[in-house]
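Reviewing the structure listed below.
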Amino acid sequence: AESLHVAEVIRCADFAAIKHKDQRRKDPEKTPYINHPIGVAHILTHEGGITDLQVIQAALLHDTVEDTETTYEELVDVFGKEVADLVMEVTDDKNLSKQERKQFQIEHAPHTSHKAKLVKLADKLYNLRDLSRTTPENWTAERVQEYFVWSSKCVAGLRGTNMKLEDALDAVFKQKGVKV
Ligand code: NDP
Ligand code: ZN
C-alpha cells in the first residue's frame, strides 16, 4: 500500500509542476511557483507529522484551480472527487473582489473540513515564512504587516487542528509582534 501512496504523491507533484510551469513566486528571486506547493506538502509531513494521502495530494494541488487553467472537473477526472473537493475548499472564489475574498477566507475558515484546515495552516505558514525571509518587489513594510495581521485572523478560525503547525505559526506571529 505504501508504494501506491508514493506513486500517487508523485503523480500530483508532476501534474502541479506542469500546470505551474510558467509561474513564479512574488519574491525578488522569482522562485519557481512549484516550490510553494511542494514546500506546503513538506511542512505537513515533516513539521505537522501528517501522512494522510489526501491531505498531501491536496497540498500539492492546492493552487492549481486558483492560479492556473485547471478546473474542478479535471481534478475529479484525474484524482477523484475527494481530492478535488478538498482543493476547492482551499480555493478562493474569483467572482469576488480581492477584499471580499480576504474577508471570506476569515469567515469560511472555521466551517472547512479538518483536512482542508491542515492544508490552509501549512499554506499560511509557508507564505508567512517567505515574507519573513524576503519582501516581494513593490510591497511596503505596511503591506507585509497587514498580510500578517490578516493571516492571524484566518488562522484563528483554523485552530484546534494541529498543535505543531499552530505553534510554528504562533512563533512567526510573535516575531512580527502580531497578537493572536
Ligand atoms: P496578495 O494576495 O497580492 O499576495 C499574497 C499572496 O501571494 C499569498 O497569499 C500567496 O498566495 C502569494 N505569494 C506569491 N509569492 C509569495 C511570496 N514570496 N510570499 C508570500 N506570498 C506569496 O497580497 P495582498 O493583496 O493580500 O496584500 C496584503 C495586504 O496589503 C492586504 O491586506 C492589502 O489590502 C494590502 N495592500 C494591497 C495592495 C494591492 O495592490 N493588492 C497594495 C497595498 C496594500 P498563494 O499561496 O495562493 O500562492
Ligand atoms: Zn498557496
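Predicted, not measured: the structure shown is a model, and the values here were computed from it. Positions are given from 1, in the same order as the sequence printed here. Counting starts at 1 for both ligands and their atoms, following the listed order.
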Val87 vs Tyr72, side chain to side chain contact (heavy atoms under 4.5 Å, CB included): CA-CA, chis, key distance, verdict: CA-CA 8 Å; Val87 172; Tyr72 169 70; over 6 Å; no

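- With respect to atom 16 (C) of ligand 1, the closest heavy atom belonging to the protein is Arg25 NH2, 3.4 Å.
- At the top of the distance list for atom 17 (C) of ligand 1, counting protein heavy atoms only, stands Asp130 OD2, 3.7 Å.
- Below 4.0 Å from some heavy atom of His36 lie the following atoms of ligand 1, by number and element: 46 (O).
- With ligand atoms numbered from 1 in the order given, ligand 1 contributes 34 (O) to contacts under 4.0 Å with heavy atoms of Gln99.
- Residue contacts with ligand 1, taken as heavy atom pairs separated by less than 4.0 Å, do not involve Trp150 at all.
- Take the Zn ion (ligand 2) as the corner point: the lines to OD2 of Asp63 and to NE2 of His36 open at 90°, to the nearest 10 degrees.
- Shortest contact from atom 3 (O) of ligand 1 to any protein heavy atom: Lys98 NZ, 2.7 Å.
- Aromatic ring centroids of His62 and His36 lie under 6.0 Å apart.
- Each of Val83, Leu60, Leu118, Thr45 was evaluated against Val55; a single residue qualifies, Leu118, per the side-chain contact (heavy atoms from CB on, under 4.5 Å) test.
- Proximity to Tyr33 (heavy-atom distance under 4.0 Å) selects the following atoms of ligand 1: 45 (P), 47 (O), 48 (O).
- The Zn ion (ligand 2) lies under 2.8 Å from an N, O or S atom belonging to Asp123.
- Clustering ILVMFWY residues whenever any of their side-chain heavy atoms sit less than 4.5 angstrom apart, transitively, puts Tyr126 in the very cluster that holds Val149.
- If you number the atoms of ligand 1 from 1 as listed, the ones under 4.0 Å from a heavy atom of Asp27 come out as 18 (N).
- Shortest contact from atom 43 (C) of ligand 1 to any protein heavy atom: Arg143 CD, 3.6 Å.
- Interface of Asp123 with ligand 1, defined as ligand atoms under 4.0 Å from a residue heavy atom, comprises 46 (O).
- For atom 24 (P) of ligand 1, the candidate residues are Lys102, Gln145, Lys120; the nearest heavy-atom contact is made by Lys102.
- Electrostatic pairing of Arg143 and Glu146 does not count as a salt bridge here, judged by no charged N lying under 4.0 Å from a carboxylate O.
- Heavy-atom contacts of Trp139 reach the following atoms of ligand 1: 1 (P), 4 (O), 5 (C), 23 (O), 27 (O) (cutoff under 4.0 Å).
- Following chains of ILVMFWY side-chain contacts shorter than 4.5 Å, one cannot reach Leu121 starting from Leu86, and the two form parts of different hydrophobic clusters.
- The ligand atoms of ligand 1 that sit less than 4.0 angstrom from a heavy atom of Glu66 are 47 (O).
- The nearest heavy-atom contact from the protein to atom 33 (C) of ligand 1 is Glu146 OE1, 3.7 Å.
- Checked by distance only, ligand 1 and His62 stay at 3.5 Å or farther apart across all their nitrogen or oxygen atoms.
- Distance alone, capped at 3.5 Å, places no donor-acceptor pair between the Asp27 side chain and the Pro136 backbone.
- Nearest-heavy-atom check against atom 11 (O) of ligand 1 across Thr91, Leu131, Val149, Asn127 picks out Asn127.
- Here the heavy atom of the protein found nearest to atom 4 (O) of ligand 1 is Lys26 NZ, 2.7 Å.
- Of the protein's heavy atoms, Tyr147 OH, 2.4 Å lies nearest to atom 9 (O) of ligand 1.
- When the N, O or S atoms of His62 are ranked by distance to the Zn ion (ligand 2), NE2 comes first.
- Heavy-atom contacts of Asp63 reach the following atoms of ligand 1: 45 (P), 46 (O), 47 (O), 48 (O) (cutoff under 4.0 Å).
- In this structure, Thr68 contributes its side chain and Val65 its backbone to no donor-acceptor pair below 3.5 Å.
- Seen from the ring of Tyr33, Arg24 does not count as a face-on cation partner, given the 6.0 Å and 45° thresholds.
- Asp52 and Lys115 are joined by a salt bridge, as a carboxylate oxygen and a charged side-chain nitrogen come within less than 4.0 angstrom of each other.
- For the ligand labelled ligand 1, residue Glu142 lies outside the 4.0 Å heavy-atom shell.
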